[in-house]
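Here is the structure we will look at, set down as structure tokens.
Atom set for the values below is all heavy atoms of this structure, side chains included, hydrogens, waters and symmetry mates excluded.
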Amino acid sequence: IVDQDVQEEGEGERILIHLENRARSMGLTHLFILTTQTAHWSLRRGFVYASVNELPKDRQHNYNWQRNSQVLIKKL
């Protein structure tokens, strides 16, 4: 999440690149995010819509259906 006062300064992009690099170094092949507001930003950066069933099993069990977050996944 990037504060509205500093949006468009690239901070979100830097955070995402850092997370992707860290995930790759850990041997991960995918990242997922849950969002209720910023799907458009993530879609522009290579994430695609997915279903709750595509989340890791432990995260599926903890998914908050009342929040109704969109699930997005990116292959690394």
Side-chain angles (χ1 to χ4, degrees):
I1 299 172
V2 177
D3 188 277
Q4 191 171 5
D5 292 337
V6 295
Q7 286 181 356
E8 304 301 325
E9 293 182 14
E11 191 64 25
E13 194 75 36
R14 284 190 290 277
I15 291 169
L16 178 59
I17 290 168
H18 173 77
L19 291 173
E20 289 176 353
N21 289 337
R22 186 168 178 194
R24 283 186 191 98
S25 73
M26 296 170 65
L28 301 177
T29 59
H30 292 80
L31 286 179
F32 74 86
I33 59 172
L34 304 175
T35 185
T36 58
Q37 298 182 25
T38 60
H40 63 282
W41 186 90
S42 304
L43 292 168
R44 288 195 310 259
R45 286 153 182 85
F47 285 84
V48 296
Y49 287 110
S51 72
V52 173
N53 295 333
E54 295 176 76
L55 292 171
K57 295 293 182 202
D58 60 334
R59 191 60 183 95
Q60 288 179 31
H61 296 297
N62 293 322
Y63 181 81
N64 183 343
W65 291 96
Q66 293 175 337
R67 190 166 167 83
N68 197 32
S69 297
Q70 294 174 320
V71 178
L72 295 105
I73 293 180
K74 180 177 184 177
K75 184 175 180 180
L76 299 175

To the nearest 0.5 Å, what is the distance between [atom1] ([X]) and [atom2] ([Y])?
X: T35; Y: H40; atom1: OG1; atom2: NE2; result: 9.0 Å
X: R67; Y: T36; atom1: CZ; atom2: OG1; result: 4.5 Å
X: S25; Y: E20; atom1: OG; atom2: CD; result: 12.0 Å
X: H18; Y: E13; atom1: NE2; atom2: CD; result: 14.5 Å

Keeping [X] on the side-chain end and [Y] on the backbone end, is there a donor-acceptor pair under 3.5 Å?
X: K74; Y: R45; value: yes
X: Q60; Y: L55; value: yes
X: R59; Y: N62; value: yes

Kindly work out whether a path of hydrophobic side-chain contacts (I/L/V/M/F/W/Y, heavy atoms less than 4.5 Å apart) joins V48 to F32.
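Result: no, two separate clusters.
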Shared hydrophobic cluster for L34 and L19 (ILVMFWY, side-chain gaps under 4.5 Å)
no
Show which residues join W41 in its hydrophobic cluster (side-chain heavy-atom contacts under 4.5 Å, direct or indirect), or state none.
L16, L31, I33, L43, F47, Y49, L72, L76
If I compare all heavy atoms of S51 with all of V71, which pair ends up nearest, and what's the gap?
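Result for this residue pair: O-CG1, 3.8 Å.
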Please assess N53 against Y63 for the test side chain to side chain contact (heavy atoms under 4.5 Å, CB included), listing each intermediate value before the final yes or no.
CA-CA 10 Å; N53 295 333; Y63 181 81; over 6 Å; no
